[in-house]
Amino acid sequence: MSPVILLSFIVIYFAVLLAVAHFTSKGSSDNSTFFVANRNSKWYMVAFGMIGTALSGVTFISVPGAVGASEFSYFQFVLGNAVGFVIIAYVLLPLYYRMNLTSIYTYLEERFGHTTYKTGAAIFLVSRTIGSAFRLYLVAIVLQHFIFDAWNVPFAITVMICLVLIWLYTNKGGLKTIIVTDTLQTTFLVTAVILSIYFMAKGLDFGIVDTFEAVKESSYSKIFFWDDFVGSKANFWKQFLGGIFVTIAMTGLDQDLMQKNLSMGTIKEAQKNMITFTSVFVVINIFFLAVGALLYIYAAKNGIDVSQLATRDYLYPEIALNHLAIVPAIIFMMGLTAATFATTDSALTALTTSFCVDFLNFNKKENPNDPALVKKRNYVHFGFSIVMLLVILVFKLINDDSVVNAIFTAASYTYGPLLGLFVFGIFTKYAVRDKAVPYICVLSPTVLYVLKTYVIEVYTPYVIGLDLIIINGFITFLMLLVSSPGKADEKALSHN
């Protein structure tokens with residue numbers, strides 16, 4: 001596949017996004033538009049657009065690639081995700097709407113105190129920056145390998161180009177623009193995965209029924225793994241429970257996806273959005289796993305040596321760009337670009353919102369839409385683009401694990417304390433020692449890391465998987481409980 005053709009497509013793609021940004025931000029580029037889209041978003045657009053944000057390039061590349069080693073065990077995690085989304089809809093969203101929040105971490109200030117509030121917001125900034133940088137890194141290495149290496153463009157320039165383009169189309173309209181562009185990008189993503197199945201099936205001379213049967217009868221289609229709870233990461237309960245708590249922490253306690261839910265007028269619309277989103281999310285992941293099975297079936301039939309690939313993450317792009325026709329290659333690149341940039345643009349907006357509200361106190365200003373504050377917000381938005389660039393470059397230097405595992409491992413360590421804080425706040429009536437919370441949130445993942453690395457892995461057969469975030473949250477919860485000075489006052493409990 002010619003790098004010129006692929007690059008031409010990306011240029012056209014971003015031209016469309018810039019045009020959408022121009023029209024959605026026309027006549028209104030204030031902070032209310034940027035942060036919460038003036039709280040008049042349509043639930044069905046948010047629900048559909050959130051698919052692209054939630055899936056990302058990790059799902060698009062790593063999930064199909066991982067099928068060769070872990071079969072369909074990932075779907076156990078997806079089922080846990082679905083339960084987590086329902087909990088978010090009926091436990092967390094009502095709380096956020098009652099308090100009329102712009103940043104969800106404001107809850108921590110009302111419940112616990114100023115230091116806890118700042119700690120929670122800081123955890124999000126670190127966690128989301130790392131997670132989003134990893135996701136963009138995944139696509140950047142594919143773009144580098146299949147496009148920019150042809151002209152010897154340095155990797156840093158490739159990443160910089162991506163971030164500049166994202167900054168350009170999100171800078172003015174913020175969330176209002178993203179809700180529209182994410183709907184467009186999700187359309188590209190869903191179309192890409194469905195057509196990928198079609199073109200691979202065609203290349204294998206399969207009809208619709210043949211394709212279904214081939215996937216079902218393949219050695220990759222096993223979903224449920226009930227054995228070896230102690231020694232396997234793929235065990236159902238580890239995956240399922242991990243999926244629930246990873247979702248609660250990485251979605252329900254994350255400003256990124258919650259910011260979109262808070263852009264709707266009522267709690268009923270937000271809940272309708274979450275349930276619709278959950279249904280589509282589960283179905284789309286089934287398609288991604290089917291793509292994975294077909295990739296390995298296609299590789300075996302056409303003599304493609306998977307073991308020669310630097311990483312299984314390259315399998316999907318390798319077949320799509322080098323072994324299928326030009327149309328499926330363009331469709332693949334369309335889906336990959338849409339999946340990743342839908343995640344990154346949303347993350348940059350959420351990071352900017354959190355920093356402006358939680359650290360620069362925009363919500364406490366007499367006029368949050370003052371032109372001087374809008375200008376300051378633009379600086380913050382640009383600053384996070386630079387930070388993400390630096391994190392990606394550092395990750396490229398040190399990464400020696402699969403991207404999908406690195407993301408969830410890092411998120412489990414950084415989101416665990418946030419999970420512990422919110423669970424403690426919602427389900428107990430105790431206060432915390434406000435000044436001690438930052439130390440607890442640093443100590444908890446540290447204790448977990450030491451326990452995992454030097455005790456569990458050395459002296460026990462137990463293998464920690466996605467249950468890492470549960471253990472981390474529990475340690476944080478336990479530390480908060482032990483150090484609690486007693487019951488909180490009625491004012492602090494009034495929002496629960």
Side-chain angles (χ1 to χ4, degrees), residues 1-10 12-13 55 57-72 74-75 138-139 141-143 145-147 149-150 185-223 283-340 402 404:
M1 184 68 185
S2 168
V4 175
I5 295 175
L6 292 176
L7 183 60
S8 299
F9 162 75
I10 292 174
I12 294 170
Y13 180 83
L55 292 176
V58 173
T59 307
F60 202 85
I61 292 181
S62 288
V63 169
V67 164
S70 58
E71 301 171 61
F72 280 16
Y74 180 76
F75 193 67
L138 177 62
V139 171
I141 59 176
V142 173
L143 294 176
H145 182 73
F146 290 98
I147 299 178
D149 274 347
Q185 294 187 117
T186 299
T187 302
F188 289 151
L189 187 155
V190 173
T191 301
V193 70
I194 292 173
L195 290 180
S196 290
I197 292 174
Y198 168 77
F199 282 113
M200 278 191 288
K202 187 177 179 181
L204 291 164
D205 295 321
F206 290 163
I208 295 175
V209 176
D210 297 327
T211 303
F212 175 80
E213 288 297 325
V215 171
K216 181 183 174 183
E217 299 301 324
S218 72
S219 60
Y220 309 109
S221 62
K222 183 179 179 181
I223 295 176
V283 173
I284 290 299
N285 272 285
I286 293 173
F287 279 111
F288 274 110
L289 290 168
V291 167
L294 287 172
L295 285 169
Y296 283 95
I297 293 170
Y298 188 95
K301 183 175 180 180
N302 290 277
I304 300 170
D305 189 354
V306 177
S307 65
Q308 296 301 308
L309 299 174
T311 168
R312 291 180 186 267
D313 292 338
Y314 279 154
L315 178 61
Y316 195 179
E318 171 65 25
I319 290 177
L321 299 178
N322 292 334
H323 295 273
L324 297 178
I326 186 170
V327 173
I330 291 175
I331 287 169
F332 166 80
M333 190 57 68
M334 174 182 70
L336 177 62
T337 306
T340 300
S402 73
V404 67

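- In this structure, the ring of Y74 has its center no less than 6.0 angstrom from the ring center of F288.
- For S221 (side chain) and E217 (main-chain N/O), no donor-acceptor pair under 3.5 Å exists by modelled atom type.
- The two residues A201 and T211 make their nearest non-hydrogen contact at CB-OG1, 3.2 Å.
- A distance of 10.5 Å separates CG of L294 from OH of Y220, quoted to the nearest 0.5 Å.
- Between the side chains of Y296 and S219, no donor-acceptor pair is found at a separation under 3.5 Å.
- A heavy-atom distance below 4.5 Å is found between the side chains of S218 and I297.
- Counting only heavy atoms from C-beta outward, the side chains of L143 and M333 approach each other to under 4.5 Å.
- One finds the CD1 atom of I304 at 7.5 Å from the CG atom of L315 (value rounded to the nearest 0.5 Å).
- The line from CD1 of I194 to CG of L189 is 10.0 Å long, rounded to the nearest 0.5 Å.
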*Show your working on side-chain hydrogen bond (donor to acceptor under 3.5 Å, both in side chains) between S62 and Y316 and close with a plain yes or no.*
CA-CA 9 Å; S62 288; Y316 195 179; over 6 Å; no

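- Formation of a donor-acceptor pair under 3.5 Å by the D305 side chain with backbone atoms of S307 is found in this model.
- Residue V306 comes nearest to A299 through the heavy atom pair CG2-CB, 4.0 Å, listed as atom of the first residue, atom of the second, then distance.
- Around NZ of K301, the count of heavy atoms belonging to other residues, nucleotides or ligands within 6.0 Å exceeds 12.
- A distance of 8.5 Å separates CZ in R312 from OG in S70, rounded to the nearest 0.5 Å.
- Between I331 atom CD1 and Y198 atom OH the span is 10.0 Å, to the nearest 0.5 Å.
- Atoms CG and CG, from L324 and L195 in turn, are 12.0 Å apart once rounded to the nearest 0.5 Å.
- Minimum heavy-atom separation, A293 to V215: CB-CG1, 4.1 Å.
- Counting heavy atoms from C-beta on, the side chains of V291 and M200 come closer than 4.5 Å.
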